[in-house]
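Throughout, a chain's letter reflects where its sequence line sits, starting with A, and its residues are numbered from 1.
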Number of protein chains: 2
Amino acid sequence: MALIVKKFGGSSVATPDKMQSIVQRVLKGMKEDDQVVLVVSAMGDTTDELVSLARQVTSKPYGREMDMLLSTGEQISIALMAMAFAEAGHKAVSFTGAQAGIVTSKAYNKGRILEINAERVKEALQEGNIVIVAGFQGMTDDGDITTLGRGGSDTTAVAVAGAINADACEIYTDVDGIYTSDPRVVPEARKMEEITYGEMLEMAKLGAGVMQPRAVEMGSRFNVPIHVRSTFSEIKGTMIQEGYSMEVKQYLIRGVAEDKNVAKVTILGVPNKPGYAYRIFAELADHNIDVDMIVQSVRVANEGVTDITFTVSRDDSALVRDVLAEIRDELSIEDILIDERMGKVSVVGAGMAGHPGIAASMFGIMSDNGINIEIISTSEISITCLIGEESVDKAVRAIHAHFFDKD
Amino acid sequence: MALIVKKFGGSSVATPDKMQSIVQRVLKGMKEDDQVVLVVSAMGDTTDELVSLARQVTSKPYGREMDMLLSTGEQISIALMAMAFAEAGHKAVSFTGAQAGIVTSKAYNKGRILEINAERVKEALQEGNIVIVAGFQGMTDDGDITTLGRGGSDTTAVAVAGAINADACEIYTDVDGIYTSDPRVVPEARKMEEITYGEMLEMAKLGAGVMQPRAVEMGSRFNVPIHVRSTFSEIKGTMIQEGYSMEVKQYLIRGVAEDKNVAKVTILGVPNKPGYAYRIFAELADHNIDVDMIVQSVRVANEGVTDITFTVSRDDSALVRDVLAEIRDELSIEDILIDERMGKVSVVGAGMAGHPGIAASMFGIMSDNGINIEIISTSEISITCLIGEESVDKAVRAIHAHFFDKD
């Protein structure tokens, strides 16, 4: 007996026909006594159509009402999927995020899963149902509907898998696994059989689009093996898990990731006194803005002030501008500069800690290609360089060729 | 200060433009300190489109999942309406049926409102919001989404008005009030200024399509004055209330109602013993089938058996056939006859009790027009004749002419 959570995205459930294909595939793959939870997204373009309806009514982002609106997309999918399973002769029951016990923070459009009360899901499984849960959504403690933001269905799937102690969470997608780099940029990129949560997290945060970082975090927290695989074939994809299951040939690095959706923010002349930097980042956090690669540089000539540079997602740059404008006078900030045309390139690999030469190689490759590095940040398992957006692809190809094509 | 519930149907909220018109109308009509709850239906054809999606997946009526699906229609409307109010500068908040505290029976597709826990609605009003509630839906005690059946938004509106003790419930519709008969059938039909709950209930049950009978019952139970009026004009419509506010000119009858959606069911040879009729009607009730005009006739020649005739909505006739087939052998029923081409014509009026001549006049008119009456049933305030469907319009016109055109 296995207990599996399977997540299907919007393109997999875009039409009733495609839903019926999934039903056939799921039923064919089930052994007796297997228990299956499906997490599904909204059908095809539904979410975009709902957003477009909202745009006809207002140009403002009314968070609560937008979530009320968008959450209907998945609700339609789960109801139809449950009907499709019943039509195929298998008991099935659908649950909205709220009904599945998914409790989120009160951050509309960007809710975070705080807790899952999975009793209803477990009971329904015990009763022999295939359980179909709406991805991307939950409910606050106050009973307001929230959504988890784009890609939130991955997070739902992994979180539900954790809550019901599933044997694995399968993420069905339009690629057949995780690659050492984006194959559209690096044609030689190879599919990985396995990758650790930590490595995947670095890859995902850096834009390797396949998995939501929050979903990977969830997987790590609850130790749920995540199998990223293709909707269109039966071949094994990539397992994201705690460690490696065997000593296969290991490269020095695991992958080369890139992110072109980056804006660099520089705040000039922040008084170099306790509390000022805190105020800035607390204000950004209050607006749910993720900040990365923070560098603070004290000016030699003027000890009273400091310059702070950090990166944010380009989507947030307008919001950052507004938030900082609000506190600019209060904090006596001299100037705020935002450069939206930035990108990040990273090498990722749990084994790199013992190989100090990797950073040197990376910087050397950048230099050989005439690419200027604006900021460097490192973690236990990654090295990231902030560079101009226009140089990102060239850098990724050169680095990938250096580390992977040697043998 | 007035506390008003306003209900707008699907055609009134069919497009974002129409929603904005409603917003303008509601805001224009509000006095300071007025509190307003809007109950809205799904946009235009949304419900039909959702049903059509379900039909592509299954031909069976999966009650729970169908309600999961259909309830999204209103959820889309309420979210957009709340945004439209906010855009127009007024605080607004939307609630699904469940969030508005509407608890229903577990009868999917035909849920009945058992209770409304209106605390959230009241709080949101206190906070200065226009509150927008999804019509047509609720939630069971177990947390399953239900719908109330077609026209259920009227019921939602009146029930919410009762629960929050509103001063009135306004039902906006595409006609400008309740008429003495269907104007499409009887061009001389007149708009009524007032009608009692009891009279309206008889009119509504008999197919005078404007108001759901259950909504009228709710109004009567909670003594909520219901104002049926036009979406497209400001003129006063018809007030449905406990009694008449003044002694205006009263006709002997208030209206002539018709219903062409009737099937006659005859069960031949039911053993004339205690418990048999009960078994039949209990079985029908268990399937949520509304039964009307019951006649039991004991055969003179054979005292052991009886024939039972009753009417149901034509939509239920296939279900009735199945249900009776199940118990046919057990109850030793001789035969089951269903005639789907029947109709009802009724005269309605609280004042008719003191005028026994009304029934005689009605039968005389039928006879003069060569119309055969199959069953007659009477209540305190109505007389109903079951006749062939093809004669319904003729009968209604003749009766209306007799009672209304005299003076």
If I measure from the heavy atoms of chain B, does [X] come under 4.5 Å with its side chain, its backbone, both, or neither?
| X | answer |
| --- | --- |
| A:Val93 | both |
| A:Met66 | both |
| A:Asp17 | neither |
| A:Thr96 | both |
| A:Ala92 | backbone |

Exceeds 12 heavy-atom contacts within 6.0 angstrom, atom [atom1] of [X]:
| X | atom1 | answer |
| --- | --- | --- |
| A:Arg55 | CZ | yes |
| A:Glu326 | CD | no |
| A:Arg25 | CZ | yes |

Q: Kindly give the heavy-atom pair with the smallest separation between B:Val57 and A:Pro16, and that separation in Å.
A: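 Heavy-atom minimum between the residues: CG2-CB, 3.8 Å.
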Q | B:Gly143 versus A:Arg120, closest heavy-atom pair with distance | A |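 Scanning both residues completely, I find the closest heavy atoms to be O-NH1, 3.2 Å.
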Q: Could you check A:Gln75 against B:Thr72 for side chain to side chain donor-acceptor pair (under 3.5 Å), going step by step and ending with a plain yes or no?
A: CA-CA 7 Å; A:Gln75 194 173 328; B:Thr72 61; 5.9 Å; no
Q: Sort out for me which of A:Ala86, A:Ala84, A:Ala82 touches chain B most, counting heavy-atom pairs under 4.5 Å.
A: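 Heavy-atom pair counts peak at A:Ala86.
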**Q.** Closest-packed option against chain B by number of heavy-atom pairs under 4.5 Å, given A:Gly73, A:Ala54, A:Ala88
**A.**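 Going by pairs under 4.5 Å, I would pick A:Ala54.
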Q.
Quick one, B:Ile78 with A:Leu69, criterion side chain to side chain contact (heavy atoms under 4.5 Å, CB included). Give me CA distance, side-chain angles, the key distance, then yes/no.
A. CA-CA 8 Å; B:Ile78 58 172; A:Leu69 180 69; over 6 Å; no
Q: Quick one: pull up CD in A:Gln56 and CD in B:Gln20 and give me the separation to the nearest 0.5 Å.
A: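 Atom-to-atom, A:Gln56:CD and B:Gln20:CD are 9.0 Å apart.
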**Q.** Gap between atom CD1 of B:Ile76 and atom CD1 of A:Ile76 - 0.5 Å precision
**A.**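 These two atoms lie 5.0 Å from each other.
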Q.
Run the side chain to side chain contact (heavy atoms under 4.5 Å, CB included) test on A:Gln99 and B:Met68 for me, step by step, so that the C-alpha distance in whole Å, both residues' side-chain angles and the decisive distance to 0.1 Å come before the verdict.
A. CA-CA 11 Å; A:Gln99 289 174 337; B:Met68 176 69 90; 3.2 Å; yes
Q: Mark yes or no for whether A:Glu65, through its side chain, and B:Ser94, through its backbone, hold a donor-acceptor pair below 3.5 Å.
A: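 Yes: the side chain of A:Glu65 pairs with the backbone of B:Ser94.
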Q: Let me know which of B:Thr58, B:Leu53, B:Leu50 forms a side chain to side chain contact (heavy atoms under 4.5 Å, CB included) with A:Leu80.
A: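 Among the candidates, only B:Leu53 passes.
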